[in-house]
Structure formats: C-alpha cells, structure tokens
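Here the structure comes first, spelled out in structure tokens, and everything after it is commentary.
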2 protein chains.
Amino acid sequence: MQTPSTEEKILAAARKIFVDKGLEGARMQDIADEAGINKAMLHYYFRSKEKLFDTIFTDVAKEFLPKLFAILTADKTLFEKIELFCAAYIEHETKTPYVPVFIIKEINRGPKALMQRITQVGSPPFDAVIAQIKRETKAGIIKPLEPFDLLLNTLSLCIFPYLAKPMVQAVTGMNTVQFNDMMKKRCATVSKVIIDSIKA
Amino acid sequence: MQTPSTEEKILAAARKIFVDKGLEGARMQDIADEAGINKAMLHYYFRSKEKLFDTIFTDVAKEFLPKLFAILTADKTLFEKIELFCAAYIEHETKTPYVPVFIIKEINRGPKALMQRITQVGSPPFDAVIAQIKRETKAGIIKPLEPFDLLLNTLSLCIFPYLAKPMVQAVTGMNTVQFNDMMKKRCATVSKVIIDSIKA
DNA sequence: GTCTATATTCCGATAGAC
DNA sequence: GTCTATCGGAATATAGAC
C-alpha cells in the first residue's frame with residue numbers, strides 16, 4: 001500500500017474524529033493533528049467543516065446500509081434473514097462501535113437534511129420484506145404481525161447495546177474485548193428472541 | 001403556585017435547553033432567554049456552564065431512575081414487573097421524549113464522571129432481581145437465562161424507539177401524537193416479546 | 001441581586017508567502 | 001499544495017455600576 005494522499009489522510013482523520021465526537025464536539029484542529037497536516041489544508045480540500053462532515057456522514061451511511069439491505073432482499077426465509085441480519089449488524093459494529101452513537105446524535109440534531117441523506121443512499125426494501133411477511137403468515141409459518149414492530153424490535157436489540165456501551169461497561173466491569181465477546185454471544189440470543197416472538 | 005425564584009427559573013430553562021441540545025449544543029444565551037433573565041445571572045447562581053449542566057444532569061437522573069428501581073423491588077411476579085416496567089418507562093418518556101437522547105449523548109461523551117453520577121443516584125437493585133430470577137427458574141416458571149440479557153433486552157425495546165424517533169417519523173410519516181400513540185400500543189407488544197422469550 | 005459593558009478564550013476561515 | 005500568521009465571530013466568563 002502506497003503512502004496515502006493528503007485528501008485520503010484528511011478523510012481518514014475526519015472520519016475518526018467526527019465519528020468519535022460528532023459535528024459539534026469535533027475540532028478542525030483535532031482533525032488536522034490526527035491527519036498530521038495543517039489546519040488550513042482542511043479548508044483547501046473541503047470548503048468548510050460542514051462540507052467535510054457531510055462527506056464523512058454520507059460515506060459512513062453508504063458502507064453501513066447497503067450491506068443490510070442486501071440481506072433483506074436475498075432469497076432466504078424470514079428466519080434466516082433475521083439471523084443473518086443480526087449477525088451482519090453485530091459483526092459490522094464490532095469494527096465501528098461508535099457509528100451508532102454518531103448516527104443517533106446526528107439524526108436528533110435536525111434539521112432533517114441528514115435524515116434525507118440516509119434515505120437517499122438507497123431506500124430500504126420495505127416492500128419486499130412486507131410481501132414476504134404476508135406470504136409466510138398465509139403459509140402458517142409466522143403469526144400475523146405488524147412488520148413495523150418486527151423491524152423496530154430487531155434494530156432495538158442489535159443497536160441499543162452499542163449506544164449504552166459505557167453504561168453496560170460501568171455496571172458489569174467489562175472491558176472492550178469482553179464487551180465484543182458478549183455481543184457476539186448475544187447475537188444468537190437476539191435472533192432467538194425475535195424469531196420466538198413471531199413463530200406461529 | 002407563587003412566582004418562581006430566579007434560581008428556579010434558571011433551572012427550568014437550563015433543563016429545557018440542555019435536554020434538547022446537549023452540553024455542546026446549548027448556548028448560555030439560549031438559557032438566559034428561555035428564563036427571561038440576563039446571561040450574567042447564570043454565572044452568578046452557578047459558576048460555569050459545566051456546573052449548571054452537571055446540576056441538570058443529576059436532577060434528570062434522580063427523577064428518572066428511582067421510579068424504575070422501585071418497580072424492580074416491588075412484591076410482584078417477574079412477568080408483572082416486566083409489564084409494569086415497560087408501562088412506567090413508556091409513560092414517563094411520553095412526557096420527556098428527549099431525555100433518552102440526552103442521556104445517551106452524554107454518557108458517550110466521557111470522561112466517566114457522569115456515568116459515576118448515574119450509579120451514585122442509587123444502585124440498581126440487581127441482586128433482588130437476580131434472586132427472583134433464580135427462584136422462578138427453580139420453580140419452573142421461566143427458562144434458565146442470563147439476567148443481564150433480560151435487562152438489556154427490556155431496556156433496548158423500551159428506549160431505542162425514542163432514540164430513533166426522527167428516523168421512525170421520517171420512514172412512517174408519523175407526527176408526534178401518532179408516535180406517542182404507537183408507543184403506547186407497543187408497550188403491550190414489548191412486554192409480550194420479553195415474556196415469551198423467558199416463559200418456560 | 002440584577003443589569004450593561006467588556007474582557008477572554010476558542011475556533012472556523014482566510015490571506016499571503018513559499 | 002503546503003505552510004504561518006491572522007482575522008472575525010461567537011460564546012463563556014467577569015467587572016463594575018446601580
């Protein structure tokens with residue numbers, strides 16, 4: 001791997017700092033230091049802090065969402081999809097544990113520009129999933145249910161532990177390695193809770 | 001109710017602004033405006049922004065946690081406690097929907113001083129709940145389970161929707177009233193998912 | 001206790017030399 | 001393209017009159 005260009009160094013540094021501290025918490029100086037370059041260069045390559053942030057946010061969303069969407073549209077049973085979804089999500093978050101906090105902070109900071117950008121990255125394949133739920137309900141595989149509840153339950157169980165990670169660690173005394181181990185084991189637990197709740 | 005004192009006005013205003021915008025997003029001027037007083041008074045009553053924030057954070061935690069702890073130590077079956085816990089939590093959050101975002105943002109902002117303050121407010125009655133789980137497992141009422149998973153699952157399902165509220169609203173088109181209605185209905189759903197997952 | 005005015009600090013952004 | 005130096009604004013905090 002050759003030496004990264006200045007722009008690449010900036011992007012990597014900005015991602016680290018923004019994901020860690022959010023738009024308001026991050027300092028341009030922090031990003032420059034992390035990248036090992038001068039603060040002025042940030043403005044040379046990206047016009048402003050906001051523009052740099054937007055670039056990072058979009059990048060993060062673009063890696064984050066399509067992978068999950070792909071699972072939802074694959075040719076699998078609903079139960080399989082739930083297991084794959086939980087596994088993929090937790091696997092991904094183990095590598096980027098601060099992203100959930102980052103996302104939650106920013107979508108709650110309005111205006112709605114960022115929300116729109118998320119949905120722009122690619123619309124979630126709700127229709128396909130809803131159709132599948134109807135099919136499997138009719139086939140007697142799962143109980144009648146609100147697709148929305150299923151989605152919200154799944155996301156809640158996968159994402160929330162990362163949001164509450166500092167509290168979990170404070171209460172249990174886990175370090176980060178132990179936390180990741182715990183989440184890996186929890187993956188099966190979560191799938192099971194969800195599947196049990198919808199099995200006919 | 002008599003006219004609130006200046007200090008009370010400051011506390012009420014600071015709470016509103018801090019809960020809404022977080023420590024970094026809030027401006028002392030915003031708080032002064034909200035309270036209808038001068039900015040200098042904030043420093044007269046509380047020495048600094050940080051100190052004012054700490055006061056608010058502790059207050060919020062002090063109202064937030066004991067109510068839930070009380071349910072966990074009540075003389076009820078585990079199933080009853082789960083239902084009461086979800087109902088109380090969702091009821092409370094309908095009135096203060098920004099508190100979860102506030103808490104999550106701040107506990108992820110280090111240093112750990114704030115986390116310590118939460119646990120200081122009063123230790124969660126883990127021992128009592130764990131003992132009850134063991135008893136009911138032995139009695140054949142519930143499956144053998146990790147108490148930690150039960151707690152995390154319950155909190156996840158109750159809290160996460162408030163954290164993701166902007167996304168939920170963007171995807172479903174709900175307004176706030178509809179969102180609250182949805183959560184009220186969801187309360188039963190959440191209890192059921194949890195109870196189904198532990199019933200023997 | 002409350003206000004006005006001002007000091008101080010911090011940070012994003014820019015100018016200009018190289 | 002990259003740096004140093006600096007501007008300008010915003011926000012916290014303080015001084016001092018009343």
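Below, all heavy atoms of this structure are taken into account, side chains as well, without hydrogens, waters or symmetry copies. Convention: sequence-line order gives letters A, B, ...; per-chain numbering from 1.
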Salt bridge flag under 4.0 Å for residues B:Lys39 and B:Asp33: no

Practice prompt. Please determine if A:Arg15 and A:Glu63 form a salt bridge, counting it only when a charged side-chain N lies under 4.0 Å from a carboxylate O.
Written response: yes

Among C:dG12, D:dT2, D:dA13, the one nearest any side-chain atom of A:Lys49 is C:dG12

* Give a yes/no answer on whether the side chain of B:Thr6 brings an N or O atom under 4.0 Å of OP1 or OP2 in C:dT2. => yes

Whether A:His43 contacts C:dT14 is assessed here as follows: a side-chain N or O lying under 4.0 Å from the phosphate OP1 or OP2. Is that the case? no

Heavy atoms from other residues, nucleotides or ligands near NZ of A:Lys185 exceed 12 (cutoff 6.0 Å): no

Checklist entry - Can you say whether the rings of B:Phe18 and B:Phe53 are parallel (under 30°), tilted (30 to 60°) or perpendicular (over 60°)? => result perpendicular

* Ring geometry between A:Phe179 and A:Tyr162 (parallel below 30°, tilted from 30 to 60°, perpendicular above 60°) -> perpendicular

Check: NA contact type, A:Tyr44, heavy-atom cut-off 4.0 Å: base, sugar-phosphate, or nothing?
Finding: base

Just call it for B:Tyr45: base, sugar-phosphate, or nothing, with non-hydrogen atoms closer than 4.0 Å on any strand.
sugar-phosphate

[X] has an atom [atom1]; how far is it from atom [atom2] of [N], in whole Å?
X: A:Glu50; N: C:dC11; atom1: CD; atom2: C1'; answer: 14 Å
X: B:Leu52; N: D:dA11; atom1: CG; atom2: C1'; answer: 15 Å
X: A:Ile17; N: C:dC11; atom1: CD1; atom2: P; answer: 13 Å
X: B:Leu42; N: D:dA13; atom1: CG; atom2: C1'; answer: 11 Å
X: B:Ile10; N: D:dA13; atom1: CD1; atom2: C1'; answer: 15 Å

Between the side chain of B:Gln132 and the main-chain N/O of B:Lys76, is any donor-acceptor distance below 3.5 Å? yes

So, with a heavy-atom separation below 4.0 Å from DNA chain C, the residues of residues 21-41 of chain A are A:Ala26, A:Arg27, A:Met28, A:Lys39, A:Ala40

